[in-house]
Amino acid sequence: MTTDSIPGSGPLFLGLDSSTQALKASLLDESLRVLSELTVRFDDDLPHFGTRGGVLTGDKGEVFSPVMQPIEALDMLLDRMKDAAWPVGRIRAISAAGQQHASVYWSRDASSIMSNADPGTDLASQLESAFSREIIPNWQDSSTVPECSAITVAAGGPDSLAQITGSSAHTRFTGAQIMKFVRREPMAYAETGRISLVSSYITTLLCLSDVKPIDESDACGMNLYDIKERKWSKKLLDVVDPSGQLEGKLGAVEKDSGAVIGTIGRWFVDRYGFDSECVVLPGTGDNPATFLSLNLGAGEGMVSLGTSDVVLVSTESYNPHPEFHAFLDPALGPGEQPRYFNMLVYKNGSLAREHVRNEYFSSSWDKFNAAVERLRPRQAGDKISKTAFWWLLPDIIPAGAKGVYKYDLTTRVEKFEDVDDEALAILSTQMTGYSVRSGDILSGGRLTKVFATGGAAKNPSILAVMADALGCDVAKSVSFENGSPKDADWNACSVGVATKAAWGYARTQGCTLRFDAFVKKAGTSGSHTVAAPGPGSQAYADSMPRWKQLEKESLDDSLAKQKAKPHYAGGVSISRQQSPEAALHPPRGNDIVLEEAHA
Ligand code: ADP
Ligand code: XUL
């Protein structure tokens with residue numbers, strides 16, 4: 001994309017994505033077309049921080065990044081916008097996405113430091129003393145097991161914690177991270193004026209005035225927010241900071257995701273030519289932002305087939321469970337009934353499929369696919385008889401499952417007689433699992449449509465099995481160029497928040513539509529169906545009771561084998577890296593002790 005493609009004089013909308021490894025920007029026009037994108041990669045563009053994959057690590061599970069890294073990246077990104085002649089004066093609204101869970105600690109004089117930023121010089125050289133902590137603990141951190149244990153106990157166990165906050169305790173979640181800071185660095189905590197998530201950190205930098213509020217959807221990734229009551233859980237705040245100061249440091253949560261919460265800072269106007277009336281909307285987490293980019297309706301979902309497999313399910317009711325994460329929908333406007341999205345994360349996704357491909361199909365996806373196509377159920381009456389759970393790494397769902405379990409009907413086997421069954425068995429077992437659990441989230445219903453993303457979503461045989469197993473159409477995001485659809489290749493998170501910025505701006509101009517209706521009306525992008533369920537679909541539905549029985553049998557066996565030497569899994573991303581943490585997710589009936597995580 002070049003700037004030649006940014007003609008005209010209409011309003012533009014900017015989305016930023018402060019992810020683990022990079023700061024990215026997407027520029028959209030009024031019809032929500034992605035005009036251009038720019039990226040600053042932390043490792044390559046800011047090598048003096050010495051990060052790998054955007055982070056630094058300690059020897060006790062600590063994973064963190066320098067608090068100044070996103071600021072230097074922002075300085076560089078703005079220079080790149082200038083070099084690329086982005087018409088920033090036409091940008092009417094901005095919103096930011098940020099890696100979830102990670103927290104930023106402001107000093108007490110942060111607001112006055114920001115308000116006095118001098119446009120004659122870059123931000124990085126002026127904001128160093130705006131922080132009370134030099135690091136941002138990263139979502140891959142697993143050093144907070146004792147704190148998770150305390151939070152779990154205070155809530156009355158993993159089930160009640162999931163009921164209150166949408167998730168059981170996770171080492172990367174902000175509550176445990178703040179608690180560790182309170183316990184280990186009480187002086188620095190006392191000097192902390194405010195605490196942000198990365199999304200509200202970037203939002204604050206855009207306004208350069210006071211510290212901006214945490215967005216409600218992103219607040220659901222903290223183990224501190226009472227989702228049903230839609231307010232901070234006092235009980236949990238008091239566990240994290242018994243002195244009672246935490247609520248003041250976190251500030252009020254922004255519940256209107258399309259609200260104008262500030263205008264662009266003077267520094268951006270004077271130094272780069274932004275319009276002084278450009279408005280800033282609340283930022284949100286990177287996963288909620290991906291959800292926004294797909295504009296998922298209730299009953300729709302997304303299956304991301306990256307390193308790990310991630311399933312998002314949109315719902316109108318709140319059905320939390322310790323196995324997954326429930327968040328409030330990131331596009332709730334004032335007075336709207338709450339909606340939710342749910343996130344399931346599986347570690348043995350592409351990793352396991354690739355292993356089977358290498359082991360049995362000479363490392364060739366073509367051979368793997370040929371096997372699937374030869375055997376997959378296509379006609380009414382066709383049956384599925386083979387099941388294979390490939391838990392090469394201890395998995396998150398089901399928690400702690402480890403080992404390889406293969407069955408011919410209900411008989412456990414070492415390997416399948418017909419080697420081609422290896423390909424279909426892993427795929428149908430994975431996809432049936434996604435169908436079973438999304439069905440549970442939908443209280444027995446089925447998904448009506450799923451978006452496929454991630455590296456393996458280019459594989460048509462995988463998409464065909466997905467459509468049959470989930471019993472619904474599989475779609476991909478597309479952009480339209482000269483009327484013909486083209487698979488979208490943009491950065492979903494920054495596009496999602498830029499779309500929200502366009503909605504927020506439209507609201508300032510009198511638009512009263514909900515986010516989803518606004519996107520349908522304004523948007524020229526869309527989706528196209530890449531696979532649809534065929535007559536063979538019934539075979540997957542029929543196999544579900546056996547699948548459930550076999551998963552339980554395999555899990556019980558796996559956990560019994562591990563009892564002497566427990567394994568812990570964990571870590572999450574739609575498509576990024578993973579980290580260890582799983583002692584916190586004792587599977588049902590398992591008695592792993594939380595504190596044993598680093599044993
Ligand atoms: P991440 O963002 O987590 O790094 P990607 O979304 O890029 O991951 O997906 C990478 C994965 O996609 C690889 O692990 C690989 O196994 C899988 N993949 C790539 N091409 C194919 C294909 N044709 N069929 C199946 N899987 C594929
Ligand atoms: C989600 C999670 C990651 C981060 C970084 O729970 O930990 O996806 O949001 O991408």
Side-chain angles (χ1 to χ4, degrees), residues 17-22 24 53-55 63 65 97-103 136-142 165-174 176-177 197-199 217-218 220-223 283-291 302-312 324-327 330 341-358 361 363-372 390 392 396 423 426-427 430 452-466 489 491-493 496 570-581:
D17 170 24
S18 184
S19 74
T20 310
Q21 308 202 39
K24 304 170 196 169
V55 296
V63 183
S65 61
Q99 52 171 293
Q100 290 200 264
H101 321 299
S103 42
I136 304 177
N138 186 264
W139 61 274
Q140 297 164 85
D141 185 281
S142 60
T165 70
S167 297
S168 54
H170 292 267
T171 49
R172 68 189 190 286
F173 274 46
T174 329
Q177 290 292 339
L197 295 177
V198 171
S199 62
S217 184
D218 213 9
C220 300
M222 299 174 80
N223 276 149
T284 194
D286 53 358
N287 295 307
T290 301
F291 181 89
M302 182 207 73
V303 179
S304 166
L305 306 168
T307 307
S308 44
D309 284 358
V310 177
V311 181
L312 297 188
F324 58 82
H325 310 293
F327 299 88
F341 80 91
N342 306 273
M343 185 164 84
L344 302 132
V345 183
Y346 297 84
K347 280 188 111 175
N348 293 287
S350 282
L351 172 93
R353 290 187 289 274
E354 225 171 82
H355 179 87
V356 169
R357 178 201 68 170
N358 297 349
F361 302 99
S363 304
S364 155
W365 285 122
D366 286 344
K367 289 184 183 155
F368 180 98
N369 288 359
V372 173
W390 282 88
L392 298 176
I396 301 168
I426 182 171
L427 271 191
Q430 288 178 328
T453 65
K458 60 167 93 75
N459 184 319
S461 299
I462 294 182
L463 298 178
V465 172
M466 189 189 292
D489 58 355
N491 178 51
C493 303
V572 186
S573 146
I574 279 186
S575 65
R576 297 170 186 166
Q577 304 114 330
Q578 307 170 8
S579 69
E581 80 166 41

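Atoms within each ligand, like the ligands themselves, are counted from 1 in listed order. Being a predicted model, the structure only gives us computed values, none of them experimental.
At distances below 3.5 Å, at least one donor-acceptor pair connects side-chain atoms of His101 with backbone N or O atoms of Gly221. Under the 3.5 Å distance criterion, the side-chain polar atoms of Asn223 are matched with a main-chain donor or acceptor of Ser168. When atom types are taken as modelled, the side chain of Gln430 and the backbone of Asn348 share a donor-acceptor pair closer than 3.5 angstrom. Between the side chain of Ser308 and the main chain of Gly349, no donor-acceptor pair closer than 3.5 Å is present. The backbone N or O of Gly285 lies less than 3.5 Å from no partner atom in the side chain of Gln99, so there is not a single donor-acceptor pair.
Arg353 pairs by the salt bridge (charged side-chain N to carboxylate O under 4.0 Å, His left out) definition with Asp309, not counting sequence neighbours.
At least one N or O atom of Asp286 sits closer than 3.5 Å to an N or O atom of ligand 2. In terms of N/O distances under 3.5 Å, ligand 1 is approached by Thr307. When only interatomic distances are considered, the shortest N/O to N/O separation between Gly306 and ligand 1 does not fall below 3.5 Å.
The Gly455 neighbourhood of ligand 1 comprises atoms 5 (P), 6 (O), 9 (O), 12 (O), 18 (N), 19 (C), 20 (N), 21 (C), 27 (C), with distances under 4.0 Å to a heavy atom of that residue. Less than 4.0 angstrom separates some heavy atom of Gly454 from each of these atoms of ligand 1: 6 (O). Close approach to Ile462 involves these atoms of ligand 1, each under 4.0 Å from a residue heavy atom: 25 (C). For ligand 2, the atoms lying closer than 4.0 Å to a non-hydrogen atom of Gln100 are 4 (C), 9 (O). The contact set between ligand 2 and Met343, taken as ligand atoms under 4.0 Å from a residue heavy atom, comprises 1 (C), 6 (O).
Only the side chain of Asn287 comes within 4.0 Å of ligand 2, judged by heavy-atom distances. Contact annotation: for Arg353 versus ligand 1, there are no heavy atoms closer than 4.0 Å.
A side chain to side chain contact (heavy atoms under 4.5 Å, CB included) with Asp286 is found for exactly one of Ser199, Ser18, Cys493, namely Cys493.
Residues Ser167 and His170 share a closest heavy-atom pair of CB-CD2, 4.1 Å.
Taking all heavy atoms of Gln140, Gln99, His101, His325 into account, the minimum distance to atom 6 (O) of ligand 2 is reached by His101.
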